[in-house]
Amino acid sequence: MRIISTERSQVLAARVAEKLGTPLVETKFTRFPDGELYLKCRELDDETLIVSSIVDNDMFMQTLLAIDAADQSRNTLVVPYLGYSRQDKRFSPGEPISARAVARALSAGVERVYVVNIHDPGVLSHFGVPAKNVTIAPAVGGYIGDLRLKKPLVLAPDEGAIDFASDVAAVGGWDCDHLEKTRLSGEEVRIAPKTIDAAGRDVVIVDDIISTGGTLATAACMLREQGAASIHAACVHGVLTSGAYTRLRAAGVSSVVSSDTYENASSFISAASAIVTAIREDAHR
Ligand code: R5P
(Lines give C-alpha, C1' and ligand atoms only; values in the text may rest on other atoms or scores of the structure.)
Protein backbone atom coordinates (compact mmCIF):
# COMPACT_ATOMS: atom_id res chain seq x y z
CA MET A 1 0.00 0.00 0.00
CA ARG A 2 1.04 3.61 -0.61
CA ILE A 3 -0.27 6.97 0.53
CA ILE A 4 -1.09 9.92 -1.70
CA SER A 5 -1.65 13.32 -0.16
CA THR A 6 -3.09 16.36 -1.85
CA GLU A 7 -1.34 19.69 -1.31
CA ARG A 8 -3.06 20.89 1.86
CA SER A 9 -2.89 17.58 3.79
CA GLN A 10 0.80 16.82 3.53
CA VAL A 11 1.63 16.97 7.24
CA LEU A 12 -1.27 14.78 8.33
CA ALA A 13 -0.62 12.33 5.47
CA ALA A 14 3.02 12.03 6.54
CA ARG A 15 1.98 11.36 10.14
CA VAL A 16 -0.50 8.70 9.01
CA ALA A 17 2.18 7.15 6.80
CA GLU A 18 4.63 7.01 9.69
CA LYS A 19 2.12 5.37 12.02
CA LEU A 20 1.07 2.82 9.40
CA GLY A 21 4.66 2.21 8.26
CA THR A 22 3.49 2.84 4.70
CA PRO A 23 5.42 4.85 2.08
CA LEU A 24 4.20 8.21 0.84
CA VAL A 25 3.93 8.71 -2.90
CA GLU A 26 5.91 11.68 -4.13
CA THR A 27 3.44 13.83 -6.04
CA LYS A 28 4.02 16.90 -8.16
CA PHE A 29 1.31 19.55 -8.23
CA THR A 30 1.26 22.19 -10.94
CA ARG A 31 -1.18 24.02 -13.20
CA PHE A 32 -1.68 24.23 -16.92
CA PRO A 33 -1.27 27.74 -18.37
CA ASP A 34 -5.05 28.22 -18.33
CA GLY A 35 -5.16 27.55 -14.58
CA GLU A 36 -6.40 23.95 -14.69
CA LEU A 37 -4.85 21.73 -12.06
CA TYR A 38 -2.41 18.95 -12.86
CA LEU A 39 -0.76 16.36 -10.68
CA LYS A 40 1.58 13.48 -11.25
CA CYS A 41 2.21 10.68 -8.79
CA ARG A 42 5.40 8.66 -8.81
CA GLU A 43 5.30 4.95 -8.02
CA LEU A 44 1.86 3.66 -7.14
CA ASP A 45 0.93 0.26 -5.77
CA ASP A 46 -2.12 -1.98 -6.01
CA GLU A 47 -3.59 -0.40 -2.87
CA THR A 48 -3.71 3.34 -2.14
CA LEU A 49 -4.75 5.51 0.78
CA ILE A 50 -5.59 9.01 -0.38
CA VAL A 51 -5.47 11.65 2.39
CA SER A 52 -7.11 14.87 1.33
CA SER A 53 -8.94 17.58 3.23
CA ILE A 54 -11.41 19.48 1.09
CA VAL A 55 -10.36 22.90 2.34
CA ASP A 56 -11.19 24.67 -0.92
CA ASN A 57 -12.27 24.07 -4.51
CA ASP A 58 -8.74 23.31 -5.67
CA MET A 59 -8.35 20.57 -3.06
CA PHE A 60 -11.69 19.12 -4.14
CA MET A 61 -10.38 18.95 -7.71
CA GLN A 62 -6.98 17.59 -6.61
CA THR A 63 -8.78 14.83 -4.73
CA LEU A 64 -10.71 13.81 -7.85
CA LEU A 65 -7.46 13.86 -9.85
CA ALA A 66 -5.61 11.80 -7.23
CA ILE A 67 -8.36 9.18 -7.20
CA ASP A 68 -8.23 9.00 -10.98
CA ALA A 69 -4.42 8.77 -11.01
CA ALA A 70 -4.76 5.70 -8.79
CA ASP A 71 -7.40 4.04 -10.96
CA GLN A 72 -5.36 0.83 -11.19
CA SER A 73 -5.47 0.25 -7.43
CA ARG A 74 -7.94 -0.39 -4.62
CA ASN A 75 -8.46 2.99 -3.01
CA THR A 76 -9.43 4.20 0.45
CA LEU A 77 -10.14 7.90 0.84
CA VAL A 78 -9.49 9.82 4.06
CA VAL A 79 -11.16 13.24 4.04
CA PRO A 80 -10.08 14.77 7.35
CA TYR A 81 -12.02 17.99 6.69
CA LEU A 82 -15.00 17.73 4.38
CA GLY A 83 -15.61 21.17 2.97
CA TYR A 84 -19.18 22.05 1.99
CA SER A 85 -20.47 19.84 4.80
CA ARG A 86 -22.26 22.71 6.53
CA GLN A 87 -24.67 23.07 3.57
CA ASP A 88 -26.15 19.70 4.53
CA LYS A 89 -29.79 20.62 3.91
CA ARG A 90 -31.83 22.51 1.40
CA PHE A 91 -32.49 25.50 3.64
CA SER A 92 -34.60 27.21 0.96
CA PRO A 93 -35.95 26.13 -2.44
CA GLY A 94 -33.49 26.20 -5.29
CA GLU A 95 -30.43 25.46 -3.17
CA PRO A 96 -28.16 22.44 -3.63
CA ILE A 97 -27.42 20.03 -0.81
CA SER A 98 -23.73 20.76 -1.29
CA ALA A 99 -22.53 18.12 1.17
CA ARG A 100 -24.39 15.49 -0.85
CA ALA A 101 -22.95 16.73 -4.16
CA VAL A 102 -19.41 16.54 -2.78
CA ALA A 103 -19.92 13.14 -1.13
CA ARG A 104 -21.32 11.64 -4.32
CA ALA A 105 -18.46 12.94 -6.44
CA LEU A 106 -15.82 11.66 -4.00
CA SER A 107 -17.33 8.16 -3.92
CA ALA A 108 -16.38 7.28 -7.51
CA GLY A 109 -13.20 5.21 -7.64
CA VAL A 110 -12.85 4.52 -3.92
CA GLU A 111 -13.94 1.55 -1.82
CA ARG A 112 -14.25 3.24 1.57
CA VAL A 113 -14.19 6.73 3.09
CA TYR A 114 -13.14 8.11 6.48
CA VAL A 115 -13.96 11.63 7.64
CA VAL A 116 -13.03 13.34 10.91
CA ASN A 117 -15.64 14.94 13.19
CA ILE A 118 -18.04 15.68 10.41
CA HIS A 119 -20.43 18.54 11.14
CA ASP A 120 -23.51 16.33 10.68
CA PRO A 121 -23.03 12.53 10.62
CA GLY A 122 -26.16 12.35 8.41
CA VAL A 123 -23.92 13.43 5.52
CA LEU A 124 -22.21 10.01 5.62
CA SER A 125 -25.29 8.47 4.03
CA HIS A 126 -24.64 10.51 0.85
CA PHE A 127 -21.44 8.61 0.07
CA GLY A 128 -21.98 5.77 -2.36
CA VAL A 129 -19.51 3.56 -0.43
CA PRO A 130 -19.12 2.73 3.29
CA ALA A 131 -18.20 5.95 5.11
CA LYS A 132 -17.12 6.32 8.72
CA ASN A 133 -16.81 9.32 11.03
CA VAL A 134 -13.68 9.33 13.22
CA THR A 135 -13.65 11.49 16.34
CA ILE A 136 -10.54 13.12 17.73
CA ALA A 137 -12.22 14.17 20.99
CA PRO A 138 -9.62 12.12 22.97
CA ALA A 139 -6.76 13.99 21.25
CA VAL A 140 -8.40 17.35 21.96
CA GLY A 141 -8.80 16.28 25.60
CA GLY A 142 -5.14 15.23 25.66
CA TYR A 143 -4.12 18.69 24.52
CA ILE A 144 -6.26 20.35 27.20
CA GLY A 145 -4.56 18.11 29.78
CA ASP A 146 -1.18 19.41 28.55
CA LEU A 147 -2.30 23.00 29.27
CA ARG A 148 -2.15 22.06 32.98
CA LEU A 149 -5.19 24.17 33.85
CA LYS A 150 -6.66 23.97 37.33
CA LYS A 151 -10.00 22.11 37.16
CA PRO A 152 -10.84 23.31 33.63
CA LEU A 153 -14.46 23.85 32.65
CA VAL A 154 -15.09 22.48 29.16
CA LEU A 155 -17.85 24.34 27.35
CA ALA A 156 -19.72 23.58 24.15
CA PRO A 157 -20.84 26.74 22.34
CA ASP A 158 -24.37 25.33 22.01
CA GLU A 159 -26.42 22.31 22.99
CA GLY A 160 -25.74 20.62 19.63
CA ALA A 161 -22.02 20.41 20.42
CA ILE A 162 -22.44 18.92 23.89
CA ASP A 163 -21.66 15.31 22.89
CA PHE A 164 -18.28 16.32 21.49
CA ALA A 165 -17.55 18.51 24.54
CA SER A 166 -18.53 15.66 26.90
CA ASP A 167 -16.17 13.28 25.11
CA VAL A 168 -13.37 15.84 25.42
CA ALA A 169 -14.10 16.45 29.11
CA ALA A 170 -14.20 12.70 29.82
CA VAL A 171 -10.45 12.53 29.12
CA GLY A 172 -9.66 14.37 32.36
CA GLY A 173 -12.92 13.91 34.22
CA TRP A 174 -13.46 17.68 33.90
CA ASP A 175 -16.68 19.62 34.36
CA CYS A 176 -18.64 20.11 31.16
CA ASP A 177 -21.56 22.30 30.18
CA HIS A 178 -22.94 24.12 27.17
CA LEU A 179 -23.49 27.79 26.60
CA GLU A 180 -27.02 29.08 26.41
CA LYS A 181 -28.23 32.28 24.85
CA THR A 182 -30.92 34.17 26.74
CA ARG A 183 -32.59 37.21 25.20
CA LEU A 184 -32.76 39.89 27.86
CA SER A 185 -34.39 42.58 25.69
CA GLY A 186 -34.78 43.55 22.04
CA GLU A 187 -31.09 44.49 21.85
CA GLU A 188 -29.49 42.51 24.64
CA VAL A 189 -28.61 38.81 24.84
CA ARG A 190 -26.71 36.98 27.56
CA ILE A 191 -24.55 33.98 26.77
CA ALA A 192 -23.59 31.88 29.80
CA PRO A 193 -23.06 28.24 30.77
CA LYS A 194 -26.41 26.54 31.30
CA THR A 195 -25.71 25.25 34.81
CA ILE A 196 -22.10 25.81 35.91
CA ASP A 197 -20.85 29.24 37.03
CA ALA A 198 -17.80 30.31 35.00
CA ALA A 199 -16.55 32.79 37.63
CA GLY A 200 -12.98 32.02 38.65
CA ARG A 201 -12.74 29.05 36.27
CA ASP A 202 -10.25 28.24 33.52
CA VAL A 203 -12.67 27.76 30.64
CA VAL A 204 -11.99 25.84 27.42
CA ILE A 205 -14.58 26.30 24.69
CA VAL A 206 -14.50 23.36 22.27
CA ASP A 207 -16.18 23.10 18.88
CA ASP A 208 -15.95 21.09 15.68
CA ILE A 209 -15.15 24.12 13.51
CA ILE A 210 -13.87 27.61 14.12
CA SER A 211 -14.61 29.51 10.93
CA THR A 212 -14.98 33.29 11.38
CA GLY A 213 -14.53 32.91 15.13
CA GLY A 214 -17.73 34.90 15.66
CA THR A 215 -19.42 32.23 17.81
CA LEU A 216 -16.46 31.85 20.16
CA ALA A 217 -15.47 35.54 20.29
CA THR A 218 -18.95 36.55 21.43
CA ALA A 219 -18.99 33.79 24.04
CA ALA A 220 -15.49 34.71 25.24
CA CYS A 221 -16.43 38.37 25.81
CA MET A 222 -19.41 37.34 27.90
CA LEU A 223 -17.46 34.75 29.89
CA ARG A 224 -14.89 37.42 30.75
CA GLU A 225 -17.69 39.62 32.04
CA GLN A 226 -18.84 36.67 34.13
CA GLY A 227 -15.40 36.48 35.74
CA ALA A 228 -13.79 33.49 34.01
CA ALA A 229 -10.14 33.26 35.13
CA SER A 230 -8.94 32.36 31.63
CA ILE A 231 -10.53 31.37 28.33
CA HIS A 232 -9.06 28.95 25.79
CA ALA A 233 -10.45 27.67 22.50
CA ALA A 234 -9.89 24.24 20.96
CA CYS A 235 -11.46 22.87 17.82
CA VAL A 236 -11.03 20.06 15.32
CA HIS A 237 -11.09 22.05 12.08
CA GLY A 238 -9.36 25.43 12.31
CA VAL A 239 -10.75 27.07 9.21
CA LEU A 240 -9.90 30.45 10.80
CA THR A 241 -11.19 32.66 8.00
CA SER A 242 -11.70 36.46 7.99
CA GLY A 243 -9.10 37.16 10.69
CA ALA A 244 -10.62 34.68 13.13
CA TYR A 245 -7.40 34.04 15.05
CA THR A 246 -6.83 37.73 15.78
CA ARG A 247 -10.50 38.21 16.53
CA LEU A 248 -10.39 35.50 19.18
CA ARG A 249 -7.17 36.71 20.77
CA ALA A 250 -8.54 40.27 20.81
CA ALA A 251 -11.65 38.92 22.54
CA GLY A 252 -9.47 37.66 25.39
CA VAL A 253 -8.97 34.06 24.33
CA SER A 254 -5.55 33.06 25.70
CA SER A 255 -4.90 30.15 23.35
CA VAL A 256 -6.48 28.91 20.13
CA VAL A 257 -5.67 25.40 18.99
CA SER A 258 -6.91 23.20 16.17
CA SER A 259 -5.90 19.94 14.50
CA ASP A 260 -4.05 18.97 11.35
CA THR A 261 -7.32 18.16 9.54
CA TYR A 262 -7.03 21.77 8.37
CA GLU A 263 -3.33 22.51 8.39
CA ASN A 264 -2.32 25.91 9.72
CA ALA A 265 -0.08 27.48 12.36
CA SER A 266 -2.52 26.59 15.17
CA SER A 267 -2.66 22.86 14.27
CA PHE A 268 -1.07 21.48 17.44
CA ILE A 269 -3.38 18.46 17.68
CA SER A 270 -3.07 15.53 15.29
CA ALA A 271 -5.86 13.38 13.89
CA ALA A 272 -3.33 10.77 12.71
CA SER A 273 -3.71 8.28 15.59
CA ALA A 274 -7.51 8.28 15.42
CA ILE A 275 -7.46 7.78 11.64
CA VAL A 276 -4.94 4.94 11.82
CA THR A 277 -6.89 3.23 14.61
CA ALA A 278 -10.09 3.35 12.55
CA ILE A 279 -8.35 1.99 9.45
CA ARG A 280 -6.75 -0.85 11.44
CA GLU A 281 -10.02 -1.74 13.14
CA ASP A 282 -11.73 -2.13 9.77
CA ALA A 283 -8.78 -4.06 8.32
CA HIS A 284 -9.04 -6.64 11.13
CA ARG A 285 -12.77 -7.16 10.67
C1 R5P B 1 -21.79 25.41 13.88
O2 R5P B 1 -22.76 24.70 13.99
C3 R5P B 1 -20.41 24.91 14.06
O4 R5P B 1 -20.35 23.87 15.00
C5 R5P B 1 -19.50 26.04 14.52
O6 R5P B 1 -19.95 26.52 15.76
C7 R5P B 1 -19.50 27.16 13.53
O8 R5P B 1 -19.20 26.68 12.25
C9 R5P B 1 -18.50 28.21 13.93
O10 R5P B 1 -18.53 29.24 13.00
P11 R5P B 1 -17.88 30.64 13.31
O12 R5P B 1 -16.49 30.42 13.80
O13 R5P B 1 -17.94 31.35 11.99
O14 R5P B 1 -18.72 31.34 14.34
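Both backbone and side-chain heavy atoms feed into the values below; hydrogens, waters and symmetry mates do not. Order of appearance sets the numbers: ligands from 1, and atoms from 1 within every ligand.
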Q: Specify the protein heavy atom at minimum distance from atom 4 (O) of ligand 1: its residue, its atom name, and the distance to 0.1 Å.
A: Asp208 OD1, 2.6 Å

(Q) Would you say CZ of Arg148 has more than 12 non-hydrogen atoms from neighbouring residues, nucleotides or ligands within 6.0 angstrom? (A) no

Q. Looking only at atom types and distance, does a side-chain atom of Asp175 sit under 3.5 Å from a main-chain N or O of Leu153, one as donor and one as acceptor?
A. no

**Q.** Proximity to ligand 1 by part of Thr215, non-hydrogen separation under 4.0 Å
**A.** both

Q | Closest protein heavy atom to atom 8 (O) of ligand 1, given as residue, atom name and distance to 0.1 Å | A | Arg86 NH1, 3.1 Å

Q. Side chains of Asn117 and His237: closer than 4.5 Å at any heavy-atom pair?
A. yes

Q: Run the contact test for Gly213 against ligand 1 with a 4.0 Å cut-off on heavy atoms, strictly below, and give the result.
A: yes

Q. For ligand 1, which atoms, with element, lie under 4.0 Å from some heavy atom of Ile210?
A. 12 (O)

Q: State whether Asp58 and Arg31 are salt-bridged, where the test is any N-O pair (Lys NZ or Arg NE/NH1/NH2 against Asp/Glu carboxylate O) under 4.0 Å.
A: yes

**Q.** Shortest reach to atom 7 (C) of ligand 1 by a heavy atom, considering only Leu240, Ile209, Asp158
**A.** Ile209

Q: Measure the distance from atom 6 (O) of ligand 1 to every protein heavy atom, then report the residue, atom name and distance (to 0.1 Å) of the closest one.
A: Asp207 OD2, 2.5 Å

Q) Considering residues, nucleotides and ligands other than Glu43, do more than 12 of their heavy atoms fall under 6.0 Å from its CD? A) no

Q. Between Asp282 and Arg112, is there a salt bridge with N-O shorter than 4.0 Å?
A. yes

Q) With sequence neighbours left out, what residues match Arg15 under side chain to side chain donor-acceptor pair (under 3.5 Å)? A) Asp260

Q | ligand 1 contact on Thr212 by region, counting heavy-atom pairs under 4.0 Å | A | both

Q: Looking only at protein heavy atoms, identify the closest one to atom 2 (O) of ligand 1 and say how far it is in Å.
A: His119 CE1, 3.0 Å

